[in-house]
Amino acid sequence: MKGSAVYQLTARDIRRRNRFAVLQAVYAAAGHISRQEIAEATGLSFATVGNMIAELLDVGVLAELGYDAASVGRPRARLAVNPARGMLVGIDLAETAIHFDLFDLTMSVLRSVEIPVAPNACRPQDVVPLIVRGIHELTGDDAAEVLGVGLSVPGPVEPEGGVSVFSPYWDWHDIPLKSLLQQHLTHPLYLDNPLKTSTVAELWFGAGRDVDDLIVLTLRAGVGIGVVVDGVLYRGVTNSAGEWGHTTVVLDGRECRCGRKGCVEAYVSTPGIVATLRERDPHSALLDPDDATTLTAIAEAATRGDVVARTVIETTGRYLGVAVANLVNLFNPRTMVFGDLVANLLGDPLLTATRRVAAEHAMAAPFDAVTLQLSTLPHNPASLGAATLALEGFLADRERFGSVAARRASRTTT
Ligand SMILES: [Zn+2]
C-alpha cells in the first residue's frame, strides 16, 4: 500500500512539473508557440505536451489563436496564455512599505498599490488590516477574477501553515499570518519569504528558464539566496535554506540585526552599504534618511568619478565577492543572478568589483563554470514571485486539474 501511495504521489508530482514546464515554455515564447515548439523547448514527448495542453486549454489558461499558415504539412495551432482567464495578486511585505501588484495571467501588471508601514505600528494586528485594505484597493470590482494571492514576508516562513517563524525587522515570532489573513479573505493564499519568491520568479520568467543549477541573490534591506538544484528550489528541512545573509564574512565584525556579528548582510544590504559610506565620510552629502536614495546618490556619484562613492562600491564588492566565492565553492552553480534593490541601483560597477574578488577567492574550476549576472526581471521580483506562487497553486489544484484528467480519461475509454 505504501509503495502504491508513493507511486501515485510521484506520478502527480511529475504531471504537475510537466504542466509547469509546458506553461513556462509558453511564457518564454512571449507571444505564441506551437505544440511542436513546446516539445522542443521542454524535451517532453509530443504526447505528454498534447496532454498538458489539453488540460490547460480545458481550464482556460491557454487559448488557441488560430493556425500557422506558413508551416509545412499539417497546420500548427498557435497557443498563448489567455490573459482574461483570471488575475493574480503579488504582495511584497517589506520593512517600510507593502507593495501590491495585480497581474493578468500573462503576468503583466494591471495595477499597483503601495501602503507605508509606520515604524511604530508594525505589530501583526497593525499590519494585517493594511494587507487586507491593500488587496481590496488593488482588486476593487475585479475581486471575483482573482485566482490567488501570494505574499512575500521577510524572514523564515513555514509555508504550509503560513506561519511567519521570525521576522527580524519587527521582532515577530511564530505569527500565524496566513490564518490571520484568511479571516478576512476568501482567495487562496500563499506565503513565503522574498528569497524564495524571487527565485520562483527567476525560474519562471528570468535566468532560471535556461539553467537547472542556479543561485538567486536577493540584495535589499535583508539579503539571502535561493538555491535551485536540478531545476527545483531547495527549501531545506524547515524551509530556511538560503539564509546566506547571516553567514559570517568578518570575524568580530559589524553588529548585524540578527544579534550576531560580521554577517554578510551587515555589509552588502542597503543599510550595510550606507554604513560603509558613513564610516568613510560621516558627513557625506550622499547620505539621505532613505537608504535607497543614498544608494542612488552613490551610483550617480561613482559615474562622475567621486572617490568616496567608488570606494564604497569597491568595498561592498570585496565583501560580496568573498561571500559569493564561498557559494561558488559550495554549490558549483551554472549561473548566479544578482537581484533586487542593491543590484538594480549599483548594477554593473558592483558586479564587476564582486566578480574580481570572487575570482581571487573561489576555486578555479567552479569559478570558470559560473556566470555572474544581473537579474533581467522587469518587476519587483518578490511580488512577481509571490504572484507566481499563487499561479503554481492554481495549476497544482488537484480538484480542478484532477477533474479534467478524469473527464479526458472517460472520453477516451468510451
Ligand atoms: Zn546576521
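In what follows, residues are counted from 1 in the order of the sequence shown.
- Residues V22 and L56 meet the side-chain proximity criterion, which asks for heavy atoms closer than 4.5 Å.
- At distances below 3.5 Å, at least one donor-acceptor pair connects side-chain atoms of S179 with backbone N or O atoms of P176.
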Next item on the list: Decide yes or no on salt bridge (charged side-chain N to carboxylate O under 4.0 Å, His left out) for R356 and E314, but give the supporting numbers first.
Entry: CA-CA 10 Å; R356 191 171 58 242; E314 288 293 317; 2.4 Å; yes

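- In this structure a side-chain-to-backbone donor-acceptor pair under 3.5 Å is present from H187 to A143.
- Using modelled atom types, one finds no donor on one side chain facing an acceptor on the other under 3.5 Å when comparing T335 with Q373.
- Counting heavy atoms from C-beta outward, R280 and T311 have side chains that approach closer than 4.5 Å.
- Rounding to the nearest 0.5 Å gives a distance of 10.0 Å between CD1 of I38 and CG of L44.
- A salt bridge links R35 with E64: the closest approach of a Lys/Arg side-chain nitrogen to an acidic carboxylate oxygen falls below 4.0 angstrom.
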Next item on the list: May I have the step-by-step check of salt bridge (charged side-chain N to carboxylate O under 4.0 Å, His left out) for D92 and R220, ending in yes or no?
Entry: CA-CA 12 Å; D92 176 20; R220 46 163 64 187; 2.9 Å; yes

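- Under the 3.5 Å distance criterion, the side-chain polar atoms of T316 are matched with a main-chain donor or acceptor of V312.
- Salt-bridge formation is detected for the pair D192/R235: a Lys NZ or Arg NE/NH1/NH2 atom is positioned less than 4.0 Å from an Asp or Glu carboxylate oxygen.
- For T139 (side chain) and D142 (main-chain N/O), no donor-acceptor pair under 3.5 Å exists by modelled atom type.
- Between W170 and I175, the closest side-chain pair of non-hydrogen atoms is not below 4.5 Å.
- When all heavy atoms are compared, the tightest approach of A221 to E95 is CB-OE2, 3.0 Å.
- Separating the CZ atom in F331 from the OH atom in Y234 is a distance of 8.0 Å, to the nearest 0.5 Å.
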Next item on the list: Kindly determine whether M107 and T388 satisfy side-chain contact (heavy atoms from CB on, under 4.5 Å), including the steps that lead there.
Entry: CA-CA 8 Å; M107 301 311 273; T388 309; 3.8 Å; yes

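- The backbone N or O of A266 lies less than 3.5 Å from no partner atom in the side chain of S269, so there is not a single donor-acceptor pair.
- The pair D101-R111 does not meet the salt-bridge criterion, since no charged nitrogen lies less than 4.0 angstrom from a carboxylate oxygen.
- You'll find the side chain of H379 reaches within 4.5 Å of the side chain of V109, heavy atoms only.
- Rounded to the nearest 0.5 Å, atoms OG1 (T294) and CG (L287) are 5.5 Å apart.
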Item checked: Working for side-chain contact (heavy atoms from CB on, under 4.5 Å), residues L23 and V61 -> CA-CA 9 Å; L23 192 54; V61 169; 4.0 Å; yes

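- Counting heavy atoms from C-beta on, the side chains of E202 and P381 never come closer than 4.5 Å.
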Checklist line | Working for side-chain contact (heavy atoms from CB on, under 4.5 Å), residues L191 and E158 | finding: CA-CA 8 Å; L191 270 71; E158 189 273 284; over 6 Å; no

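- Ion pair R355/E360 not flagged as a salt bridge, since none of the NZ, NE, NH1 or NH2 atoms sits closer than 4.0 Å to an Asp/Glu carboxylate oxygen.
- The distance from the CH2 atom of W244 to the OG1 atom of T218 is 9.5 Å, given to the nearest 0.5 Å.
- Of the possible donor and acceptor atoms, none in the side chain of S240 sits under 3.5 Å from a partner among the backbone N and O of G236.
- Side chain of T276 to backbone of G272: a donor-acceptor contact under 3.5 angstrom is found.
- Here N344 contributes atom CG and L350 contributes atom CG; the two are 11.5 Å apart, rounded to the nearest 0.5 Å.
- Within a 6.0 Å radius of CD in Q182, more than 12 heavy atoms belonging to other residues, nucleotides or ligands are found.
- Pairing each heavy atom of A302 with each of R310, the nearest pair is O-NE, 3.0 Å.
- Using modelled atom types, one finds no donor on one side chain facing an acceptor on the other under 3.5 Å when comparing N380 with S383.
- Contact check for V149 versus Y190: no side-chain heavy atoms found under the 4.5 Å cut-off.
- Using a distance-only test at 3.5 Å, with no hydrogens or angles considered, no donor-acceptor pair links the side chain of N329 to the main chain of A362.
- In this structure, the side chain of E265 engages the main chain of V223 through a donor-acceptor pair within 3.5 Å.
- A side-chain donor from one of T48 and S45 sits under 3.5 Å from a side-chain acceptor of the other.
- Between L351 and L372, the closest heavy-atom pair is CD2-O, 3.9 Å.
- Looking at Y267, its side chain does come within 3.5 Å of a backbone N or O of R254 through a donor-acceptor pair.
- The CD atom of Q24 sits 8.0 Å away from atom CZ of F205, with the distance rounded to the nearest 0.5 Å.
- Scanning all heavy atoms of the two residues, the minimum distance from V127 to A121 falls at CG2-O, 4.4 Å.
- Smallest separation of non-hydrogen atoms from A207 and L214: CB-CD1, 4.2 Å.
- For the pair E55 and R19, the salt-bridge criterion is met [side-chain N within less than 4.0 Å of a carboxylate O].
- Here the options are L219, V357, T315, V342, the test is side-chain contact (heavy atoms from CB on, under 4.5 Å), and the partner is L320; only L219 passes.
- The aromatic rings of W204 and F20 are tilted relative to each other, their planes meeting at an angle between 30° and 60°.
- Within the 4.5 Å cutoff, the side chain of L384 has heavy atoms near those of the F103 side chain.
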Next item on the list: Run the numbers on R209 and L203 for side-chain contact (heavy atoms from CB on, under 4.5 Å), then give the verdict.
Entry: CA-CA 5 Å; R209 294 197 299 212; L203 274 172; over 6 Å; no

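- Two residues are said to be in side-chain contact when any heavy atoms from C-beta on lie closer than 4.5 Å; V117 and I115 fail this criterion.
- The shortest non-hydrogen separation linking I215 to P333 is CD1-CG, 4.0 Å.
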